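In what follows, a structure is listed as structure tokens, so that the remarks can point back to it.
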Number of protein chains: 2
Amino acid sequence: MPETLITTAAPAAPPRASSIRPPRPASRSRVVGENLTLLYEGGRNRALYRVVDGCVVLSQLLNDGRRQITDVLGPGRLFGFTIDGRNIATAETLSIARIEPLGDADLNATNPAVASELKTTLHRMQIHATLLGRKTASEKVASALVELSRLFNRTGRNGAARLSFHLHLTRADLADWLGLTVETVSRCLNRFKREGLIDFSHPKTMRVLDPERLEATAGFTRQQTGETTRP
Amino acid sequence: MPETLITTAAPAAPPRASSIRPPRPASRSRVVGENLTLLYEGGRNRALYRVVDGCVVLSQLLNDGRRQITDVLGPGRLFGFTIDGRNIATAETLSIARIEPLGDADLNATNPAVASELKTTLHRMQIHATLLGRKTASEKVASALVELSRLFNRTGRNGAARLSFHLHLTRADLADWLGLTVETVSRCLNRFKREGLIDFSHPKTMRVLDPERLEATAGFTRQQTGETTRP
DNA sequence: CGTCTACTTGACACGCATCAAAATTGGTGG
DNA sequence: CCACCAATTTTGATGCGTGTCAAGTAGACG
């Protein structure tokens, strides 16, 4: 039984520069966001980890500090893949998360479970690339809500989804995940709230009021719906 | 020795709808682009392939026809990964390409070479996600040129790079890869030409005149440059 | 209660999409 | 080789979505 790590919030760090626009003057010394624990960065560790509870994000940075979150991991997901001993991405935990290292026997990429995880992550990345390159701001935010509600929704004691979930990401994290700015994310969320798609009193506690309309707003890839047209 | 497939251009198909904007009226019956051979689409085949020569692209589609090319494969790359028997992405060859199927013995994802390819692809996807979400149009186009010149440049007989390469992608493909429109791609390319970064007389034959300035225009991830700042 | 940070909201600007049309390239048949 | 048509690429004019800048509000924590 592997030991379980419990990571907690790190002390505040200077703000980072994001946004989509050209090189900003900013070039901060600390690259991770506030309230985060940096698990490793660009090739420091050699173990694979499993998320037990909470939320871990993978990210990349440009030289001037612009950040892209490439994946959001919920319970069960593995991370820490390396190429030639260097980690593929930077990983951070959001608020409190429990992670456990995989045993040495499982560290090999030829392990079927690990290979399967690689393919899953790759598939998710493809879908996310489509979101980043081809979706509008509204579609992006709606997609994120659908995705996060699936990852983190708590089922009631009767087993039915409550459609209320804890948003582990800040608005800035969402922006860095979706290729937007904090302001645009905030505007979309509040518009959805006005339109009755979602509700939130606390900014981190989301409730989906109209899942169908939300999913329609999110847009779909053809594969996801199974539709494939041929002449 | 596995047989080698030679794929050629397919007959013309109706145009597809791309662009980043909301649902377009368009919803065409044929989903692949012109002059392309569709290798498989959303879960039709079970073999892994290796690109021997030419260029293969992986793509995804949204319901209304918007397309995102998620990766561009040059010689040596593998593709055709599946999850539960369904292909992760749609693959198409551009113009003429030679591909060969991997032997049955190699089909297992636990094969080290296959696992390594998965990680390589995943790493490339992360870098591309950063491009899609956080780079400007100029940075995107410059990055694409740098990347394609590495994939397809022909070394002279003395072994020195000639920095001239065949652009397998059309402007529309580039746009779908970079999350832009055809017009923006064309404008960037011609601006780079005016500024002396690149040159091309034929639209498909690119020559890099100033690799350093081009790479500077492309921007870098911190990992790529090896730079990592800590407090 | 004061301070700090995250979040929200408004006014404005600009990069890139959109729309339109001309120029170039590619292919086919005479 | 040239004429002709379709597709691609280029170029210009214009508009919109989203980024930028700025100010205000709300929670969290001492």
Side-chain angles (χ1 to χ4, degrees), chain A residues 9-26 33-36 66 94-95 132-141 167-176 178-194 200-206, chain B residues 8-26 33-36 66 94-96 132-141 167-176 178-194 200-206:
Chain A
R16 83 192 91 80
S18 236
S19 90
I20 210 177
R21 295 293 158 215
R24 287 269 211 75
E34 301 74 22
N35 207 28
L36 304 178
R66 282 174 285 176
L94 304 187
S95 64
L132 287 171
R134 289 302 181 206
K135 285 191 176 180
T136 64
S138 293
E139 290 172 327
K140 286 177 175 180
V141 175
L167 191 68
H168 292 273
L169 315 193
T170 65
R171 304 291 188 261
D173 293 325
L174 284 171
D176 284 345
L178 303 175
L180 298 170
T181 59
V182 191
E183 295 91 333
T184 299
V185 169
S186 177
R187 274 186 254 267
C188 282
L189 287 174
N190 284 284
R191 179 152 40 81
F192 291 165
K193 188 177 174 181
R194 279 196 304 278
F200 57 96
S201 45
H202 183 93
K204 285 284 186 64
T205 307
M206 288 288 156
Chain B
T8 57
R16 83 191 92 79
S18 232
S19 90
I20 211 177
R21 295 294 158 217
R24 287 268 212 77
E34 303 74 21
N35 208 29
L36 303 177
R66 283 174 285 176
L94 304 187
S95 62
I96 285 183
L132 288 171
R134 287 304 181 205
K135 285 190 176 180
T136 64
S138 294
E139 290 172 327
K140 287 177 176 181
V141 174
L167 192 68
H168 292 273
L169 315 194
T170 65
R171 303 291 188 262
D173 292 327
L174 283 171
D176 284 346
L178 302 175
L180 298 171
T181 60
V182 194
E183 295 92 329
T184 299
V185 169
S186 177
R187 273 186 253 267
C188 282
L189 288 174
N190 285 284
R191 178 153 38 81
F192 291 165
K193 188 178 175 182
R194 278 196 303 277
F200 57 95
S201 45
H202 181 94
K204 285 283 186 67
T205 307
M206 288 288 157

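Within every chain, numbering begins at 1; the chains are lettered A, B, ... in the order of the sequence lines, protein sequences first and strands thereafter. Worth saying up front: this structure is predicted, and the values here are computed from it rather than measured.
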| query | What nucleotide among C:dC7, C:dC16, D:dG19 has an atom nearest to a side-chain atom of B:Thr136? | reply | C:dC16
| field | Nearest-angstrom distance from the residue atom CG of B:Leu189 to C1' of C:dT24 | value | 15 Å
| field | Whole-Å distance separating the CG atom of A:Asn190 from the P atom of D:dA26 | value | 13 Å
| Taking all atoms of both residues into account, what is the closest heavy-atom pair of A:Leu180 and A:Ala137, and its distance? | CD2-CB, 3.9 Å
For nucleotides 12-15 of chain D, list the nitrogen or oxygen atoms of the protein found under 3.5 Å from its nitrogen or oxygen atoms, one pair per line.
from, atom 1, to, atom 2, distance (Å)
D:dG12, N7, B:Arg187, NH1, 2.9
D:dG12, O6, B:Arg187, NH2, 3.2

| query | Of B:Val185 and A:Ala137, whose nearest nucleotide on DNA chain D comes first from the 5' end? | reply | B:Val185
| message | I need the CE-C1' distance between B:Met206 and D:dT9, as an integer number of Å. | response | 11 Å
| Side chain of A:Lys204: nearest nucleotide among C:dC7, C:dA17, D:dT11? | C:dC7
| query | What's the NZ-P distance between A:Lys193 and D:dA26, to the nearest Å? | reply | 12 Å
| message | If I compare all heavy atoms of B:Asp176 with all of A:Arg134, which pair ends up nearest, and what's the gap? | response | OD1-NH2, 2.8 Å
| note | A:Arg171 CZ to D:dG19 C1', in whole Å, measures 18 Å
| Atom-to-atom span, CG of B:Asp176 to C1' of C:dA17 - whole angstrom | 14 Å
| Which pair of heavy atoms, one from B:Phe200 and one from B:Arg171, lies closest together, and at what distance? | CE1-NH2, 3.7 Å
| Under the side chain to side chain contact (heavy atoms under 4.5 Å, CB included) test, which residues partner B:Ser186, sequence neighbours left out? | B:Asn190
| field | Separation of atom NZ in B:Lys140 from atom P in C:dG15, rounded to whole Å | value | 15 Å
Distances for protein N/O vs nucleotides 27-30 of chain D N/O pairs under 3.5 angstrom?
none

| said: Could you walk me through whether B:His168 and B:Asp173 satisfy the side-chain contact (heavy atoms from CB on, under 4.5 Å) test, starting with their C-alpha distance in whole Å, then the side-chain angles of each, then the deciding distance to 0.1 Å, before giving a yes or no? | reply: CA-CA 9 Å; B:His168 292 273; B:Asp173 292 327; over 6 Å; no
| request: Grab the CZ-P distance between B:Arg191 and D:dT10 for me, whole Å please. | output: 13 Å
| A:Lys140 and A:Cys188: side-chain contact (heavy atoms from CB on, under 4.5 Å), yes or no, with the steps? | CA-CA 9 Å; A:Lys140 286 177 175 180; A:Cys188 282; over 6 Å; no
| request: Locate the shortest heavy-atom distance separating B:Leu167 from B:Leu174; write the atom from each residue and the value. | output: CD2-CD1, 4.0 Å
| task | Could you please spell out the steps behind the side-chain contact (heavy atoms from CB on, under 4.5 Å) verdict for A:Leu178 and A:Lys135? | result | CA-CA 10 Å; A:Leu178 303 175; A:Lys135 285 191 176 180; over 6 Å; no
| field | A:Thr184 side-chain N/O to D:dT18 phosphate OP1/OP2 under 4.0 Å | value | no
| remark: Winner on side-chain proximity to B:Thr181, out of D:dT10, C:dA17, C:dC7, is C:dA17
| request: List the atom of A:Gly179, the atom of A:Leu132, and the distance in Å for their closest heavy-atom pair. | output: N-CD2, 3.8 Å
